[in-house]
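Each remark here refers to the structure printed beneath this line.
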There are 2 protein chains.
Amino acid sequence: MKKLKDFRHIILYGLILAVLVFALKWLQWKFVLVDNAIDIYIGAIALFFTILGIWVASHIMKPKVETLIVEKEIIVQPPEVFTLNTAELQKLNLNNREYEVLQLLAKGHSNADIAANLFLSVSTIKTHVSNLYFKMDVKSRTQAITKAKQLKIIE
Amino acid sequence: MKKLKDFRHIILYGLILAVLVFALKWLQWKFVLVDNAIDIYIGAIALFFTILGIWVASHIMKPKVETLIVEKEIIVQPPEVFTLNTAELQKLNLNNREYEVLQLLAKGHSNADIAANLFLSVSTIKTHVSNLYFKMDVKSRTQAITKAKQLKIIE
DNA sequence: CTTACCCTCATACTTTAGTACCAAAATTGC
DNA sequence: GCAATTTTGGTACTAAAGTATGAGGGTAAG
């Protein structure tokens with residue numbers, strides 16, 4: 001398709017050239033110019049090398065490349081991204097130990113488990129847990145877990 | 001649009017050619033070219049028209065269009081899509097009441113709350129809860145909640 | 001130095017949770 | 001209708017959770 005159109009241009013150009021040359025000849029004959037076959041020869045040379053130039057250009061030269069960038073959208077679903085809600089966490093004003101206890105609590109550990117885990121007595125854990133409930137405004141560990149997960153302050 | 005541009009080139013070329021031919025004629029008449037110089041003259045013509053052909057070709061040639069598909073990743077944060085893991089739920093072999101109790105349990109309700117909610121006695125709830133723990137292989141309601149959420153059998 | 005908060009632990013008590021065992025309706029499937 | 005299962009409920013007991021209160025040591029800010 002492309003070549004055909006290009007050829008059209010070349011043929012068109014050739015025809016124009018030919019017409020021009022013959023017009024020139026006619027002018028020569030008409031106005032008593034010196035009869036020189038060299039003109040036709042030069043015309044042929046010009047025609048040949050023009051075509052050669054076009055051929056060289058279209059075959060040897062790097063083709064102009066227009067790059068069309070098409071964006072293909074791919075939807076990616078992130079595998080459970082946990083983002084700690086620090087704002088809510090600060091609101092509760094929990095101290096380090098309380099937060100630590102909360103995390104173990106939410107994992108399903110009993111007070112005894114948490115005590116063993118943190119090398120503390122069960123009494124201490126109970127104190128922390130009670131303070132935790134007060135600060136979180138809940139009345140049981142199950143409520144604490146539910147609320148903590150809802151507020152995204154624990155994983 | 002393209003045709004107009006192409007024609008412009010052809011016309012331009014034609015004009016240049018015409019000017020050149022007349023210039024040539026003028027040179028011939030003016031300086032009476034020496035026979036020996038004709039080779040150089042023809043060579044110059046050839047070179048000129050070759051370059052002209054290349055120029056014409058490079059201007060007429062249609063650019064090759066390359067389509068480059070770029071994959072653009074769009075991260076979509078799903079607004080909490082809960083998909084019930086029916087497979088895991090079936091494995092546990094819970095009956096309707098037990099599952100119902102589990103859901104209320106996970107909301108942070110006490111046995112008394114659940115009993116009131118389902119119009120049942122606390123004894124019944126205790127029975128269901130115990131069976132639930134046995135089937136889920138846990139020992140407390142906190143563990144049941146953690147496991148249930150982990151298995152995605154409750155919201 | 002005092003105040004305030006954090007962290008620890010204890011005792012005493014109440015409440016809730018959880019286990020074990022039993023048993024009677026109700027429902028389901030054959 | 002009968003067997004199996006579900007659903008319901010009870011009693012009695014143990015274990016764990018949760019509350020209330022006090023108290024001692026540590027640390028940081030004023």
Side-chain angles (χ1 to χ4, degrees), chain A residues 84 86-151 153-154, chain B residues 84-151 153-155:
Chain A
L84 185 75
T86 47
E88 288 292 343
L89 188 53
Q90 281 186 355
K91 271 188 202 169
L92 293 180
N93 196 30
L94 306 180
N95 59 47
N96 292 346
R97 273 308 202 199
E98 284 162 358
Y99 185 54
E100 216 167 352
V101 169
L102 175 60
Q103 291 178 61
L104 294 172
L105 202 90
K107 283 187 183 173
H109 290 69
S110 66
N111 290 342
D113 286 341
I114 299 170
N117 202 311
L118 300 178
F119 302 104
L120 298 173
S121 75
V122 178
S123 296
T124 307
I125 302 303
K126 281 190 176 185
T127 306
H128 287 318
V129 169
S130 269
N131 293 335
L132 206 49
Y133 294 170
F134 177 73
K135 289 184 180 178
M136 291 182 73
D137 190 32
V138 295
K139 287 184 188 71
S140 70
R141 56 212 297 113
T142 54
Q143 283 179 18
I145 294 171
T146 304
K147 191 157 188 174
K149 293 206 176 187
Q150 199 173 24
L151 296 177
I153 59 177
I154 51 161
Chain B
L84 185 75
N85 192 337
T86 48
E88 288 292 343
L89 188 54
Q90 281 188 354
K91 272 189 203 169
L92 293 179
N93 195 31
L94 306 180
N95 58 46
N96 290 348
R97 273 308 202 198
E98 283 163 358
Y99 185 54
E100 216 167 351
V101 168
L102 175 60
Q103 291 179 61
L104 295 171
L105 202 92
K107 282 187 182 173
H109 291 69
S110 66
N111 290 342
D113 286 342
I114 299 170
N117 202 311
L118 300 178
F119 304 103
L120 297 175
S121 75
V122 179
S123 296
T124 307
I125 303 303
K126 281 190 175 185
T127 307
H128 287 319
V129 169
S130 269
N131 295 334
L132 206 48
Y133 294 169
F134 176 74
K135 289 183 181 178
M136 291 181 75
D137 190 32
V138 295
K139 288 184 188 67
S140 70
R141 55 212 297 111
T142 55
Q143 284 179 16
I145 294 171
T146 304
K147 191 156 190 174
K149 293 206 176 186
Q150 198 175 23
L151 295 178
I153 60 175
I154 53 162
E155 265 187 274

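Below, chains carry the letters A, B, ... as their sequence lines are ordered, and counting in each starts from 1.
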query = OH of Tyr99(B) versus P of dT6(D): gap in Å, rounded?
reply = 17 Å

task = Classify the side chain of Thr127(A) versus the base of dC7(C) as yes if they form a donor-acceptor pair under 3.5 Å and no if they do not.
result = no

ask   = Between dA16(D) atom P and Leu105(A) atom CG, what is the distance in whole Å?
value = 15 Å

ask   = So, is Ser123(A) near the phosphate of dC9(C), with a side-chain N or O under 4.0 Å from OP1 or OP2?
value = no

message = Would you say Tyr133(A) places a side-chain N or O within less than 4.0 Å of OP1 or OP2 belonging to dG18(D)?
response = yes

Between dT21(D) (C1') and Phe134(A) (CZ): distance, integer Å = 15 Å

key: Residue from Ile114(A), Asp113(A), Asn111(A), Ile125(A) passing side-chain contact (heavy atoms from CB on, under 4.5 Å) with Leu104(A)   = Ile114(A)

inquiry  = Would Leu105(A) and Thr142(B) count as a side chain to side chain contact (heavy atoms under 4.5 Å, CB included) here? Give the steps.
reply    = CA-CA 8 Å; Leu105(A) 202 90; Thr142(B) 55; 5.9 Å; no

task = Would you tell me if any nitrogen or oxygen in the side chain of His128(A) comes within less than 4.0 Å of OP1 or OP2 on dC7(C)?
result = no

inquiry  = Rounded to whole Å, how long is the line connecting atom CG of Leu132(A) with atom P of dC6(C)?
reply    = 13 Å

task = Measure the distance from CZ on Arg141(B) to P on dA15(D) and round it to the nearest whole Å.
result = 19 Å

note = Nearest-nucleotide check on DNA chain D, Val122(B) vs Ser110(A); residue mapping nearer the 5' end is Val122(B)

Spacing between Asn131(A) atom CG and dA20(D) atom P, to the nearest angstrom = 11 Å

key: Nucleotide nearest Lys126(A) (side chain, heavy atoms from C-beta), chosen from dG18(D), dC7(C), dG18(C)   = dG18(D)

ask   = Taking all non-hydrogen atoms of both residues, which atom of Ala115(A) and which atom of Val122(A) are closest, and how far apart?
value = CB-N, 3.9 Å

query = Counting just side-chain N and O atoms, does Thr124(A) come under 4.0 Å of either OP1 or OP2 of dC9(C)?
reply = yes

key: From dG9(D), dA10(C), dT19(C), nucleotide with atom closest to Ser130(B) side chain   = dT19(C)

task = Figure out the CD1/P separation between Ile145(A) and dA17(D), and round it to whole Å.
result = 11 Å

request  = Consider only side-chain N and O atoms of Ser121(A) and Thr124(A), and report whether a donor and an acceptor are under 3.5 Å apart.
outcome  = yes

request  = Could you state the atom-to-atom distance from CD1 of Ile114(A) to P of dA16(D) in whole Å?
outcome  = 13 Å

query = For dG10(D), does either OP1 or OP2 sit under 4.0 Å from a side-chain N or O belonging to Ser121(B)?
reply = yes

remark   = Checking Lys91(A), Glu88(A), Met136(A) against Leu151(A) for side-chain contact (heavy atoms from CB on, under 4.5 Å), the one that qualifies is Glu88(A)

message = Does dT6(D) have OP1 or OP2 under 4.0 Å away from a side-chain N or O of Arg97(B)?
response = no

message = I want to check one thing: is the phosphate of dT16(C), taken as OP1 and OP2, less than 4.0 Å away from some side-chain N or O of Asn111(B)?
response = no

query = Can you tell me if the side-chain N/O atoms of Asn95(A) get under 4.0 Å from OP1 or OP2 in dC7(C)?
reply = yes

Residue from His128(B), Arg141(B), Gln143(B) passing side-chain contact (heavy atoms from CB on, under 4.5 Å) with Tyr133(B) = Arg141(B)

key: 5' precedence on DNA chain D between Thr142(A) and Glu98(B) (nearest-nucleotide basis)   = Glu98(B)

